[in-house]
Colleague: 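What follows is a structure written as structure tokens; I'll ask about it next.
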Amino acid sequence: MVFNFNNTYIKLNKNFYSEVTPKKIKNPKILILNKKLMKKLDIENNNDLAEILCGNKLLSKPIAQAYAGHQFGNFTMLGDGRALLLGEHITKKGIRYDIQLKGSGITPYSRGGDGKATISSMLREYLYSCAMNNLKIKSSQSLAIILTNEKVLREKIENGSILVRVMESHIRIGTFEYVSYSSSKEELVKFTDYVIERHYKNILNYEEKYLKFFEEVMDKLIDMVIEWTRVGFIHGVMNTDNMNINGETFDFGPCAFMNYYDPNTKFSSIDAYGRYSFKNQKNILLWNLTRFAETLIPIIDSDNKNSIEKLNKILKKFNEKYNEKYYKMMKLKLGIKKEGNFNSIIDKFTTWLEKNKTDYTNTFIELINPTLFADKSYSSKEFIELKKELSEIGLDKDIMKKVNPLYIPRNYQIEEAISEYNSKNSLEKFNKLLKIIENPYLKKPNSKIYQTPPLIEYDLKYKTFCNT
Ligand code: AMP
Ligand code: MG
């Protein structure tokens with residue numbers, strides 16, 4: 001058996017999903033298979049693997065999940081428009097993982113879309129998910145990319161593919177929005193209990209269980225965004241349907257890593273006003289959590305006014321919690337192990353970064369190993385003084401090496417790798433990138449090129465896209 005399926009979502013209210021039989025794929029071919037992940041999750045290989053991974057051969061009933069979401073601030077009914085939950089796989093250790101196909105064709109939630117995914121965008125998602133996991137950030141994982149032999153019409157005609165995505169679950173803030181707006185209070189209670197049982201067992205016995213649940217989700221999502229900030233990750237489309245309830249980063253569409261430090265950085269082509277820019281990720285998280293809080297109002301207290309008051313009390317803690325975690329993370333990045341408040345020197349450092357627009361990743365490496373990078377800002381008087389000041393309180397190399405990656409996938413290198421595949425059918429560059437980010441904290445020989453940011457002009461023009 002390839003998967004050890006034991007499906008629970010299908011036992012929930014029938015309005016929460018639709019059973020879908022995937023369209024048969026002619027001659028599916030596995031382009032990339034993540035053998036390490038297969039081993040980690042106790043997924044067995046067999047001769048039918050391609051047929052199973054593309055949904056031709058079914059081991060259980062696939063479903064498309066219903067959800068809603070606030071997209072760029074506007075409420076919309078959504079659902080898996082180009083994805084299917086193949087089943088819930090249980091590892092030998094008893095951990096449950098959703099095995100989801102992305103790009104597997106239309107579903108009742110496709111809303112006029114074609115249900116497909118291009119090979120370029122799935123290669124991108126594969127690489128980002130590997131990078132994020134290797135950077136030790138809880139994220140969706142990619143098991144395989146399957147070639148579908150179908151054409152997909154985007155700006156130009158591209159080859160189609162299916163990504164096999166693995167997550168602890170695909171339940172989102174948007175799923176709660178859907179359940180809360182479309183179902184009775186009893187159904188919302190049942191669904192919330194299901195989610196608590198699945199992801200928050202630690203609070204099962206709390207007196208005010210649903211309120212505690214809200215706070216736990218808030219904490220996990222704060223941790224998630226702090227981790228993004230640690231490595232300069234910009235998600236790019238923090239709509240509430242892309243916010244996983246369990247704090248797993250997912251949906252690597254218009255995301256990108258920031259090179260030159262500028263809090264206003266955004267790459268998404270449709271994000272005209274920078275709603276999801278690097279610096280706005282904090283505020284948008286609070287906005288999204290407020291939408292989440294609204295969905296729970298009916299079940300926190302029998303009196304809505306009390307519910308709102310209780311939820312607000314927790315939301316009011318957001319800023320303090322976020323800042324505390326942010327400065328704690330930045331202390332580690334700067335190798336400060338002393339107890340105490342170092343917020344002002346941390347702010348001074350990020351102000352310097354912003355003023356000089358130096359490479360975010362490389363500046364921390366430069367602090368560990370001086371004169372590694374040929375950026376003239378690093379020989380400026382201001383930087384030398386800042387370094388001296390920091391060395392008096394921190395710059396502990398052992399701490400810094402654990403949290404500051406040597407390598408992040410550079411946007412232009414990802415584009416080059418994808419374009420090499422599209423033009424020459426070669427995964428050589430792609431596989432090299434994968435190898436480099438296998439352990440981004442470990443120095444690799446002859447790899448300076450992977451630490452080289454693009455010209456700033458490239459980054460200023462660089463655009464990423466949704467739904468490709
Ligand atoms: P995303 O921006 O990837 O989070 O997608 C937002 C919504 O649009 C989700 O409900 C997707 O399932 C849906 N969607 C994205 N691309 C397509 C497509 N090509 N066909 C159908 N639905 C899609
Ligand atoms: Mg999405």
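One-based numbering, in listed order, for ligands and for the atoms of each.
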Colleague: Please state which part of Tyr109 comes within less than 4.0 Å of ligand 1, counting heavy atoms only: side chain, backbone, both or neither.
Modeller: neither

Colleague: Take Glu150 and Lys23 through the salt bridge (Lys or Arg N to Asp or Glu O under 4.0 Å) test and state the conclusion after the steps.
Modeller: CA-CA 12 Å; Glu150 288 193 342; Lys23 199 181 126 209; 2.6 Å; yes

Colleague: Under 4.0 Å, heavy atoms only, figure out whether ligand 1 is touched by the backbone of Arg172, its side chain, both or neither.
Modeller: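 Arg172 to ligand 1: no contact under 4.0 Å from either part.
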
Colleague: Here's one to test your reading of the geometry: is the NZ or CZ of Arg291 within 45 degrees of the ring axis of Trp287 and under 6.0 Å from its centre?
Modeller: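 Ring-cation test returns yes.
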
Colleague: If you measure from each non-hydrogen atom of Asp241 to ligand 1, which part falls under 4.0 Å: side chain, backbone, both or neither?
Modeller: side chain

Colleague: With a cutoff of 4.0 Å, is Ser110 in contact with ligand 1, counting heavy atoms of the residue only?
Modeller: yes

Colleague: So which bit of Val237 gets within less than 4.0 Å of ligand 1, heavy atoms only: side chain, backbone, both or neither?
Modeller: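 The answer is neither; Val237 stays 4.0 Å or more away.
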
Colleague: Give the atom numbers and elements of ligand 1 that come within less than 4.0 Å of a heavy atom of Gln71.
Modeller: 6 (C)

Colleague: Determine, using ring centers only, whether Tyr360 and Phe257 are less than 6.0 Å apart.
Modeller: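 No, the ring of Phe257 stays outside the 6.0 Å limit from the ring of Tyr360, centre to centre.
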
Colleague: If you have a sec, read the angle at the Mg ion (ligand 2) from Asp251 atom OD2 over to Asn242 atom OD1, to 10 degrees.
Modeller: 80°

Colleague: So, 4.0 Å and heavy atoms of Gly115: is ligand 1 close enough to count as a contact?
Modeller: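 Contact present.
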
Colleague: Of the side chain and backbone of Lys116, name the one, both, or neither that has a heavy atom under 4.0 Å from an atom of ligand 1.
Modeller: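 Within the 4.0 Å criterion, Lys116 contacts ligand 1 through backbone atoms alone.
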
Colleague: Contact between ligand 1 and Cys466 is defined here as a heavy atom of the residue under 4.0 Å from a ligand atom; is it met?
Modeller: no

Colleague: Does Phe364 have Lys333 sitting over its ring (NZ/CZ under 6.0 Å from centre, angle to axis within 45°)?
Modeller: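 Checked: cation-pi criterion met.
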
Colleague: Where does the angle between the aromatic ring planes of Phe252 and Tyr128 fall among parallel (under 30°), tilted (30 to 60°) and perpendicular (over 60°)?
Modeller: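 Rings of Phe252 and Tyr128: parallel, as their planes differ by under 30°.
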
Colleague: Does the ring of Tyr200 carry Lys220 above it, NZ/CZ under 6.0 angstrom from centre and within 45° of its axis?
Modeller: yes

Colleague: As a test of understanding, state which of Thr452, Asp359, Asp459 forms a side chain to side chain donor-acceptor pair (under 3.5 Å) with Arg410.
Modeller: Asp359

